[in-house]
Amino acid sequence: MHFKYLIIIAGPTAVGKTDFAIRIAKHLGTEIINADSRQVYREMKTGTAVPSPFQLAQVRHHLVGHRSIHQQYNASLFELEAIEILDNLFTHSNAVIMAGGSGMYIKAVCHGIDDIPSVDPEIRERLQQEYLGNGLAGIQHRLLAVDPVYYKKADLNNPNRILKALEISEMTGRPYSSFLTGNAKERYFHPVRIGLDIPREKLHENINRRVDSMIAGGLVDEARNLYPYRGLNALNTVGYKELFDYFENKCSLDEAVKKIKDHTRQYARRQLTWFRKQKDTKWFLPDEDELVYSYVNETISRL
RNA sequence: GGGGAGAUACCAAAGCGGCCAACUGGGGCAGACUGUAAAUCUGCUGGCUGAUGCCUUCGUAGGUUCGAAUCCUGCUCUCCCCA
């Protein structure tokens, strides 16, 4: 029997995942599935550091720029799309690369997330208004009434979490917690997790350089064109929201650029927090190709 | 040269005799996270300590006081106004 392997390239932003993934994909003669929650939007290229046309020409990439910011997108949809592509790729390949920095998206593919109905935007909007009107305490009380089980374990300071639970509960007439099984979905492929990291100082340099080159590459214009859609979730993204403040004269361009760098560093840190928790990740420097190849071979032969 | 304002921790900025190791914001670090996840949320952030506590801090050198980041004096530096 042939095992199938999903080789995951994870790590903080600007560490060098894209290039690394291309090299390993070429080495293994396979393709890449992008696992980045913002690179899926075709309107946001400069600010999300999508692979360049040159990079895309070298190895086939999936789930890059295939969606519009005007469409709803989330981890569950990503799971669906990625699994479909994997089913396809695994028919003629034993290994597929998945590279990206969105930990939850990777988790959705490897572990699966529970099936929960999608929420009617109107319900979401109404609850959002209720939160704005009554504040955190208001929605906390509602959650206690609607789903005491979830209330107990929820992060009650996090409005997004509470709102999510209320949305689902209201939408379905069932408590949100009743949908949460925590069970892993059956997957026929094995994940091989590669983490890429470099010294923090170096990472910060990379981030600063990348942000500067995004600005030089036209990020301001890209963001200006998207400004009318700033309310969309897709645009609640580092690199855009800071420029929106600049467009609204809330700060200078230099200040906005500095904030993009700050926020990108913070994002990178959160990514590391997530990936470090994944204990079966093996960490490498982004130039340790040979070490990774032998690690992958070794791991595969042991499975 | 004359007059005025100010020097606080990585940065900004409160504090103006004891409740101050010092509000708050930023940054940094650590963490949480099952459909917004580049999102959202939490903790810590002078040193040593498990806790209690101890030690060294608010430009600098002295002084007043039971007690000073807070009052007084000298010095250094910064900024503003008039020459």
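Here is the naming used below: chain letters follow the sequence lines, and residue numbers restart at 1 for every chain.
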With sequence neighbours excluded, residues passing ring pair (Phe, Tyr, Trp, His ring centres under 6.0 Å) with A/His204: none

Any strand: nucleotide that pairs with B/U64 via Watson-Crick or wobble, under 3.5 Å: none

Selected nucleotide, minimal atom distance to A/Arg124 side chain, candidates B/U36, B/G35, B/C33: B/U36

B/A69 pairs with, by Watson-Crick or G-U criteria that keep both distances under 3.5 Å: none

Touch class at under 4.0 angstrom, heavy-atom based, for A/Thr48 against every strand present: base

Nucleotide nearest A/Tyr176 (side chain, heavy atoms from C-beta), chosen from B/G35, B/A37, B/A39: B/G35

Sugar-phosphate, base or nothing in reach of A/Gly47, heavy atoms under 4.0 Å: base

Phosphate OP1/OP2 of B/G35: any A/Ser118 side-chain N/O under 4.0 Å: no

Between B/G35 (P) and A/Gln72 (CD): distance, integer Å: 13 Å

Short side-chain N/O contact from A/Tyr105 to OP1 or OP2 of B/A37, under 4.0 Å: yes

Whole-Å P distance, B/U45 and B/G26: 16 Å

Apart from A/Leu80 itself, residues in the same hydrophobic cluster as defined by side-chain heavy atoms under 4.5 Å: none

Rounded C1' spacing from B/A14 to B/U70 in Å: 13 Å

Interatomic distance where CE belongs to A/Met104 and C1' belongs to B/A32 [whole Å]: 13 Å

Distance in Å, A/Trp283 CH2 paired with A/Leu285 CG, rounded so as to fall on 0.5 Å steps: 11.5 Å

A/Phe284 ring center near A/Tyr295 ring center (under 6.0 Å): yes

Pairing residues for A/His92 by the ring pair (Phe, Tyr, Trp, His ring centres under 6.0 Å) criterion, not counting sequence neighbours: none

Between P of B/U36 and CZ of A/Arg67, the distance in whole Å: 14 Å

Nearest-angstrom distance from the residue atom NE2 of A/His111 to P of B/G35: 13 Å

A/Ile113 CD1 - B/A37 P separation (whole Å): 10 Å

For B/C77, the Watson-Crick or wobble counterpart (both distances under 3.5 Å): B/G6

A/Tyr267 or A/Thr181, whichever maps to the more 5' nucleotide of RNA chain B: A/Thr181

Interatomic distance where CD belongs to A/Gln266 and C1' belongs to B/G27 [whole Å]: 8 Å

Euclidean distance for C1', B/C80 against B/A9 (whole angstrom): 27 Å

Salt bridge (charged side-chain N to carboxylate O under 4.0 Å, His left out) contacts touching residues 137-157 of chain A (sequence neighbours left out): A/Glu130-A/Arg142, A/Arg142-A/Glu170

Sugar-phosphate only, base, or nothing, as touched by A/Glu167 at under 4.0 Å among non-hydrogen atoms: nothing

Integer-rounded Å distance: B/G35 C1' and A/Asp120 CG: 15 Å

C1' gap between B/C77 and B/G67, integer Å: 30 Å

Assigned partner base of B/A32, Watson-Crick or wobble definition, under 3.5 Å: B/U40

Counterpart residues, side-chain hydrogen bond (donor to acceptor under 3.5 Å, both in side chains), relative to A/Asp114 (two or more places apart): A/Thr181

Glycosidic conformation of B/G47, taking syn as within 90° of 0 and anti otherwise: anti

Rounded P spacing from B/C11 to B/G27 in Å: 15 Å

A/Asp262 with A/Lys258: basic N within carboxylate O range, under 4.0 Å: yes

Whole-angstrom distance between B/U57 and B/U8, as gauged at atom C1': 10 Å

Gap in Å between the two C1' atoms, one belonging to B/C66 and one to B/C44, rounded: 36 Å

Residues in contact with RNA chain B, drawn from residues 196-204 of chain A - heavy-atom cutoff 4.0 Å: A/Arg200, A/His204

Side-chain N,O (A/Lys277) to OP1/OP2 (B/G31) below 4.0 Å: no

NZ/NE/NH1/NH2 to OD/OE distance under 4.0 Å, A/Glu298 and A/Lys282: no

Distances under 3.5 Å between nitrogen or oxygen atoms of protein and nucleotides 40-42 of chain B:
| from | atom 1 | to | atom 2 | distance (Å) |
| --- | --- | --- | --- | --- |
| B/U40 | O4' | A/Asn160 | OD1 | 3.2 |
| B/U40 | O2' | A/Asn158 | OD1 | 2.1 |
| B/U40 | O2' | A/Asn158 | ND2 | 3.2 |
| B/U40 | O2 | A/Asn158 | ND2 | 2.8 |
| B/C41 | O4' | A/Asn158 | ND2 | 3.1 |
| B/C41 | O2' | A/Asp155 | OD1 | 3.4 |
| B/C41 | O2' | A/Asp155 | OD2 | 2.9 |

Spacing of A/Lys107 atom NZ relative to B/A39 atom P, expressed in whole Å: 18 Å

Minimum heavy-atom distance A/Glu222-A/Thr46, with the two atoms named: OE1-OG1, 2.8 Å

Hydrophobic cluster (4.5 angstrom, side-chain heavy atoms) - remaining members for A/Leu180: A/Ile116, A/Val119, A/Ile123, A/Leu127, A/Tyr131, A/Leu132, A/Leu136, A/Ile139, A/Leu143, A/Leu144, A/Val146, A/Tyr150, A/Tyr151, A/Leu156, A/Ile162, A/Leu163, A/Leu166, A/Ile168, A/Met171, A/Tyr176, A/Phe179

Protein-nucleotides 9-13 of chain B N/O pairs closer than 3.5 Å?
none

Residues in contact with RNA chain B, drawn from residues 246-264 of chain A - heavy-atom cutoff 4.0 Å: A/Asp262, A/His263

Test side-chain contact (heavy atoms from CB on, under 4.5 Å) applied to A/Lys261 and A/Arg265, A/His263, A/Lys259, the passing residue: A/Arg265

A/Glu242 and A/Tyr246: side chain donor to acceptor below 3.5 Å: no

Counterpart residues, salt bridge (charged side-chain N to carboxylate O under 4.0 Å, His left out), relative to A/Asp280 (two or more places apart): A/Arg193

Connected hydrophobic set around A/Phe54, excluding itself, where side chains approach under 4.5 Å: none

Nearest-angstrom distance, P atom, B/A30 to B/C19: 34 Å

Phosphate OP1/OP2 of B/U36: any A/Arg38 side-chain N/O under 4.0 Å: no

Who pairs with B/A12 - Watson-Crick or G-U, where each distance is under 3.5 Å: B/U24

Short side-chain donor-acceptor distance under 3.5 Å, A/Asn160 and A/Lys164: no

Geometric cation-pi criterion A/Arg187 and A/Phe189, 6.0 Å radius, 45° cone: no

Watson-Crick or G-U wobble partner of B/G50, both distances under 3.5 Å: none

